[in-house]
Structure formats: structure tokens, C-alpha cells
Amino acid sequence: MDPIAFGIVAACLLSSALFVVLSKNLVHAVLWLAVTLATTAALFVLLQAPFLAGIQILLYTGGVITLMLFGVMLTRRHERLMIENESTGSRRVPGVLAGSVLFGVVAAAIYRTPGLPTGPGRMVATQEIGHAFLTEHLLAFEVLSILLLIAMIGAIVLARKADFGAETERVMPVRGRKAT
Amino acid sequence: MMPLQPVLLLSAALFSVGIYGVISRRNVIGILLSVELMMNAVNINFVAFSHYHQSSVGQVFAVFAIALTVAEVVVGLALVILLYRSQKDVLVDGARALKG
């Protein structure tokens, strides 16, 4: 991996992630998240994982960002758009504290671990990934598909219009209510 | 030739930024965005280890993580819409009375 290319990608990734966290307007935050995910795809290309870069672009920048934009636009209220995204100082301080402490601990752990590989990597062919899915990790693969189905049905059930009351009233025996 | 450490450091920094977002945001969708950042950092770790250990298992797990993230986003947004419908707001401050 070329160090210069890695530096450029890392700078883009970190700055766009900071914009995701810091921007007041939520729509801007979602769009910066799209930039972050696309830059991650570039990093995957640098790490010689073209299949995952494709998945990243297709699933994240295609699907998740669209879903997020839908979510923002379905739930925001125009008059409070700026106020409600503002983070107060009492929230920022523990956030900075937790983030920096975690980063310090992980960085120390990374530099104290001996025997991390340094040599050149190998490009993993897409055939190998598919083969691993259908032989070694077959059970996990099937469980994952069932999980996706469950998540889809659950989301539909949750987000459906909750007019159970009206429906049961309509379905309930009308005669009994007429009598009262 | 680059060693593995810088990639791990980049991923840790991304995860920390995500943690800051989760703690400091008041909007539930903002929190979901920050969780996305953290998941992304984890995926970078998977792919980096897969690359430097010359094995395909890391990429397989990255695919699993991506699919799980998508499921999480779908259910999370359904919950956000439910929250908005019940209290006309998506701030975490107001979401204290979640019983029933």
C-alpha cells in the first residue's frame, strides 16, 4: 500500500467523519456520511479488497444513505431544525473525554502489541470469499439471511400506521354497540 | 511498504469520533449516523487484518458486519419513526417514558 495514497485517504476519512459528527444540519451530516463511506471504499481498494469496496458502495452509499435521508425528512420539523441538532456543552465534554480516552487506550495497545504483520499483503480473490461463504461459514450465512428477513418484517410491523384501535372498532360486532 | 499499525490507528480514530457523536448528539438520527461511523471503523479493521494476514476470513466477517449494519439501520429507523409518531419529536431527551 502506498503511504502517500493512504495519507490522503486517511485525511479525507477523518475530516469527513468529523463533519458528520459536528455539522448542525442533519441533512448535511447524512451527506458527509456518504463521503465517509465512499472514502472507506477507496481505502478498501488500497487494501486490495475490491469486492468489499463494491459492496460498500452498493449497500451503504446506495441504500443506507437513502434510508437515512428518508428518516431525516420524515421526522424533522423545520422551525426547530437548527436548535434540535445543537449539542450542549454538558454533552460535548463527556463525549470528547470518552473518545480521547478510548483512542489513547487503543493506540497504546496497538503500539505495545508485538508481532503485528508488516509485510506485503495479499489480494484475496472474490472466488475465495464466495467459497468460504458456502463451505466454512454456511450456517452463519443462512442465519444471516433469516436475520435479514426478520429485520425486514419487524421494521414493517413497527413502522406501520398504528390504527389498531380504529380497525378493531370497525371489526367489532356493530350490533352489540348499537344496542347500548 | 506500509505496516499494519497506521490502518489500526485510523480505525481507532474513526471509532472515537463515532463515540463522540453518540454521546453528544441529541437527535436519534444523529446517533444512528454515529453508530454507522463506528461500524465502518470495525469493517476497516476486518479488511486490514484480512489483507495483512493474507486470509479471506476477515473479508467474510466484514460482509457479515455490513449485512448486520443494514438490518440495524432498518430496525432503528422504524423505531425512530415510531418515536416521532408517539411524541412528535426525535430527541433523546424526551424519550424517557418508553413504557407501554
Side-chain angles (χ1 to χ4, degrees), chain A residues 1 3 6 10 13-14 17-18 20-21 26 29-30 33 36-37 40 43-44 47-49 52 55 59 63-64 67-68 71-72 74-75 84-85 87 91-92 94-96 98-99 102-103 106-107 110 116-118 120-122 124 128-129 132-133 137 140 144 147-148 151-152 154-155 158-159, chain B residues 1-10 12-21 23-27 29-30 32-34 36-37 40 43-44 47-48 50-57 59-60 62-64 66-71 73-75 77-82 84-85 88 90-91:
Chain A
M1 188 165 51
F6 176 75
L13 199 58
L14 277 184
L18 276 176
V20 170
V21 175
L26 258 194
V30 175
L33 183 70
T36 311
L37 297 173
T40 310
L43 182 61
F44 287 169
L47 286 169
Q48 293 182 305
L52 269 177
I55 290 239
L59 267 186
V64 171
L67 269 182
M68 287 289 186
V72 171
L74 280 178
T75 58
E84 73 183 13
N85 295 325
S87 55
R91 282 170 184 275
R92 254 178 244 148
V96 169
L102 182 89
F103 180 71
V106 174
I110 289 169
L116 282 181
T118 56
R122 180 177 67 101
V124 176
E128 272 181 66
I129 303 173
F133 265 132
H137 305 281
L144 187 72
L147 176 93
L148 279 180
M152 204 166 62
L158 279 179
Chain B
M1 201 47 74
M2 288 242 334
L4 176 61
Q5 275 97 343
V7 189
L8 295 186
L9 273 186
L10 173 66
L14 203 59
F15 197 88
S16 305
V17 171
I19 284 220
Y20 168 74
I23 294 180
S24 71
R25 281 276 191 200
R26 292 174 61 212
N27 195 311
I29 296 182
L32 273 181
L33 293 182
S34 308
E36 288 300 307
L37 280 183
N40 215 30
N43 279 338
I44 290 175
V47 175
S50 158
H51 178 67
Y52 282 101
H53 275 287
Q54 315 193 341
S55 131
S56 71
V57 182
Q59 295 200 23
V60 171
V63 172
F64 282 146
I66 288 176
L68 284 178
T69 310
V70 172
V73 166
V74 168
V75 175
L77 278 178
L79 286 176
V80 167
I81 288 175
L82 206 64
Y84 179 70
R85 218 177 263 150
K88 297 286 164 225
V90 283
L91 301 188

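All heavy atoms count here, side chains included; hydrogens, waters and symmetry mates do not. Throughout, a chain's letter reflects where its sequence line sits, starting with A, and its residues are numbered from 1.
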Taking every heavy-atom pair that is under 4.5 Å apart, which of [options] has the most such pairs with chain A?
options	answer
A62(B), P6(B), S50(B)	P6(B)
A67(B), G30(B), A13(B)	A13(B)
E36(B), Q54(B), H53(B)	Q54(B)
N43(B), I81(B), V80(B), L10(B)	L10(B)

Per-residue contact mode, L9(B) against chain A (heavy atom under 4.5 angstrom):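 For L9(B), backbone and side chain are both near chain A.
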Audit row: L68(B), L144(A), side chain to side chain contact (heavy atoms under 4.5 Å, CB included) steps and yes/no: CA-CA 8 Å; L68(B) 284 178; L144(A) 187 72; 4.1 Å; yes
pair V96(A)-I23(B): side-chain heavy atoms closer than 4.5 Å: no
Residue pair L47(A) / Y52(B), side-chain heavy-atom distance below 4.5 Å: yes
Given L18(A), L37(A), L33(A), L13(A), the one that forms side-chain contact (heavy atoms from CB on, under 4.5 Å) with L37(B):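 Result: among L18(A), L37(A), L33(A), L13(A), L33(A) is the only option passing the side-chain contact (heavy atoms from CB on, under 4.5 Å) with L37(B).
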Over all atoms of both residues, closest heavy-atom pair of [X] and [Y]:
X	Y	result
L67(A)	L77(B)	O-CD1, 3.3 Å
A12(B)	V106(A)	CB-CG1, 3.6 Å
L148(A)	A71(B)	CD2-CB, 4.0 Å
L33(B)	A29(A)	CD1-CB, 3.7 Å
Q59(B)	A49(A)	NE2-CB, 3.4 Å
A17(A)	L14(B)	CB-CD1, 3.4 Å

Distance in Å, [X] [atom1] paired with [Y] [atom2], rounded so as to fall on 0.5 Å steps:
X	Y	atom1	atom2	result
S16(B)	L102(A)	OG	CG	4.5 Å
R91(A)	Y20(B)	CZ	OH	11.0 Å
T36(A)	N40(B)	OG1	CG	7.5 Å
I44(B)	T40(A)	CD1	OG1	4.5 Å
L74(A)	Y84(B)	CG	OH	8.5 Å
H51(B)	F44(A)	NE2	CZ	12.5 Å

Heavy-atom proximity to chain B below 4.5 Å, by part of L59(A): side chain
Which of H137(A), E128(A), M152(A) touches chain B most, by non-hydrogen pairs under 4.5 Å: H137(A)
Choice from G71(A), G154(A), A107(A), G99(A) maximising heavy atom contacts with chain B below 4.5 Å: G99(A)
From CA spacing to verdict: side chain to side chain contact (heavy atoms under 4.5 Å, CB included), L26(A), N27(B): CA-CA 9 Å; L26(A) 258 194; N27(B) 195 311; 3.3 Å; yes
Test side chain to side chain contact (heavy atoms under 4.5 Å, CB included) applied to V63(B) and F133(A), step by step: CA-CA 10 Å; V63(B) 172; F133(A) 265 132; 3.4 Å; yes
Step-by-step side chain to side chain contact (heavy atoms under 4.5 Å, CB included) determination, L52(A) to I66(B): CA-CA 10 Å; L52(A) 269 177; I66(B) 288 176; 4.0 Å; yes
